[in-house]
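One structure is given here, and the rest of the page talks about it.
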Amino acid sequence: MNADIALMIPTETSTRRSLLEMDLAQLGDFMQELKEPRFRARQIWEWIYKRYVADFDAMTNLPKALRAKLAEIATVSPLQPIAQVVSKDRDTLKTLFQLPDGQTIEAVLMLYDQRRTLCISSQVGCAMGCVFCATAQGGLARNLTAGEIVAQVLYFARYLADPSLPPDTDVERPTHVTNIVLMGMGEPLHNYNNVWSALRRLTDPEAFGLGARHITLSTVGLVPMIDRMADEGLQIGLAVSLHAPNDELRTQLTPINKAYSVDELLAAVRRYVAKTNRRVTFEYALMAGVNDSPELAQEMAHKLQGILCHVNLIPLNPIPDSPFQPTSDEETERFAQILRDAGIPTTVRLRRGIEINAGCGQLRRAMTASGNGRRGQKGRSMGSD
Ligand code: SAH
C-alpha cells in the first residue's frame with residue numbers, strides 16, 4: 001500500500017449523553033431536564049445539523065454556563081477518528097472511528113469530479129457471511145445507533161466545510177457532501193430501524209437536508225425489508241449486491257440467498273421500481289473463474305430483462321487469505337459488453353481507493369490485526385505497507 005496513514009490517540013471512552021440520538025422534541029425534553037427553555041433545543045440543532053459544530057464551546061448563542069454543563073454531561077459526536085488514510089492520488093480519504101464502547105467502524109470520503117461522495121457503515125461487522133468480503137469475516141458485533149450513522153456524515157461535512165482541518169489532501173475541498181452511499185461495513189437492511197431513523201435525519205430539510213435521490217442504500221437482498229423500504233415514501237436509491245445470476249452460485253457467494261432466492265429478490269426489485277420509479281443498481285463483483293464467464297453474463301442479461309436497472313461491475317478487491325481473485329480487465333470488458341449488447345446499461349467501477357484499503361472492512365481488519373486499531377499511536381506516522 002502506498003498511502004499516508006495518520007494515527008490519532010483516542011481520549012476517554014464516553015458515557016455522556018449523545019445528542020445525535022435525540023430528535024428535536026427529545027432534545028427539547030433534555031433542555032427542560034436541565035431547566036433550560038425548550039428553544040435552546042432549536043439553537044443546538046442548528047449548530048449541529050446546519051453548521052456541523054461538534055464542540056459546545058463554539059455554540060456562541062448559548063449561555064456560557066449551559067455550554068460548560070453540556071460539555072460535561074453530553075456529546076455531539078459519539079465518534080473518535082483514530083486513523084486516517086489518504087490515497088496516493090489524494091482523492092480518497094478513509095477514516096477509522098472508535099465508538100464509545102471501543103468498537104471501530106470505517107467511512108470513506110471520495111472526492112471525484114464535482115461529487116463529494118461519502119460511503120458510510122451501518123453495523124459493526126456484518127452477519128451476512130459473503131465469502132469474498134472482509135467485513136463478513138469477523139461476523140456481526142452490533143448494530144450502529146442512528147446517531148452513530150448520522151455522526152459519520154457530520155464528521156465529513158465538518159471536514160469539507162473547514163479547509164484548515166487535517167489531513168490536507170491537496171485537492172480543492174468543495175464545501176459539502178453531495179452524495180451518500182450506505183456501502184460501508186454492515187448490511188443496512190439488517191439494522192432497519194436505526195438506518196431509517198438516520199436516513200430521515202439526513203434527508204429532513206430541518207436537519208441535514210440532503211435530497212433522498214442523492215442517497216443510495218446497498219443491500220445483499222433482504223427481500224421483506226426491500227418491500228418495507230419501498231413503502232417509506234422516500235426516493236432513496238437502491239443498490240442490490242447480486243454477484244451471481246442463479247441460486248446455485250449465488251448461495252455459495254452470498255449465503256443469505258438460501259433464504260431469498262434470486263427470483264424472489266428480482267421480484268422485490270421490480271416492486272421497488274414500480275413504487276419509487278427509481279432505477280435500481282445491481283452490483284456484481286467479478287471474481288476470476290468464479291462468476292465471470294460469458295454464459296453467466298448471458299444468464300444475467302436474460303434475468304434482468306425488463307427491470308429498470310443499471311449494472312455496476314466491481315473489480316474484486318482481494319482480501320488476505322482468500323482464494324478469490326479479480327477478473328482481468330479484458331474479461332471484465334467482455335462481461336460488460338454482453339450485458340450492454342442485451343440492452344442492460346453497464347458500467348465498470350473504477351479501482352479508485354483500493355490501495356488505501358477502501359474495500360469493505362479492510363482498513364479495520366488491517367488495523368485490528370496489527371493491534372493499532374484500538375490504541376492508536378502518538379503523533380502522526382506516515383507510512384506505507
Ligand atoms: N451489505 C451491503 C453493503 C455493504 S458492502 C451489501 O451487501 O450490499 C458494499 C458492496 O461491496 C457490496 O456490493 C459488496 O458485495 C461489495 N464487496 C464486499 N467485499 C468486496 C470485495 N472484496 N471486493 C469487491 N466488492 C466487495
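Atoms within a ligand are numbered from 1 in the order they appear, just like the ligands themselves.
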* Residue Val220 vicinity, atoms of ligand 1 by number, heavy atom under 4.0 Å -> 6 (C), 7 (O), 8 (O)
* Return yes or no for this condition: an N or O of Phe132 is under 3.5 Å from an N or O of ligand 1. => yes
* Distance filter under 4.0 Å to Glu283 heavy atoms, resulting ligand 1 atoms -> 10 (C), 12 (C), 13 (O)
* To do: Go through ligand 1 atom by atom and flag the ones less than 4.0 Å from a non-hydrogen atom of Cys133.
  => 18 (C), 19 (N)
* Taking the six-membered ring for Trp, are Phe208 and Tyr52 parallel (under 30°), tilted (30 to 60°) or perpendicular (over 60°)? -> tilted
* To do: Evaluate the side-chain proximity of Leu144 to Leu99: yes if any heavy-atom separation is below 4.5 Å, no if none is.
  => yes
* **Test item, Gly186 contacting ligand 1 (heavy atom, 4.0 angstrom)** => yes
* Asked: Using a distance-only test with no angle check, is there a side-chain donor-acceptor pair under 3.5 angstrom linking Ser122 and Glu187?
  -> no
* **Contact with ligand 1 for Ser122, non-hydrogen, under 4.0 angstrom** => no
* To do: Decide whether Arg334 and Gln337 meet the rule of one side-chain donor and one side-chain acceptor closer than 3.5 Å.
  => no
* Asked: If you measure from atom 4 (C) of ligand 1 to every heavy atom of Ser218, Ser241, Gly184, which option wins on shortest distance?
  -> Gly184
* May I ask you to say whether Arg17 pairs ionically with Glu72, meaning some side-chain N is under 4.0 Å from a carboxylate O? => no
* Asked: Can Ile180 be reached from Val240 by stepping across I, L, V, M, F, W or Y side chains whose heavy atoms are under 4.5 Å apart?
  -> yes
* **Arg16: which of Ile73, Thr75, Val76 passes side-chain contact (heavy atoms from CB on, under 4.5 Å)** => Thr75
* Test item, His243 contacting ligand 1 (heavy atom, 4.0 angstrom) -> yes
* **Atoms of ligand 1, numbered as shown, that sit under 4.0 Å from any heavy atom of Thr219** => 6 (C), 7 (O), 8 (O)
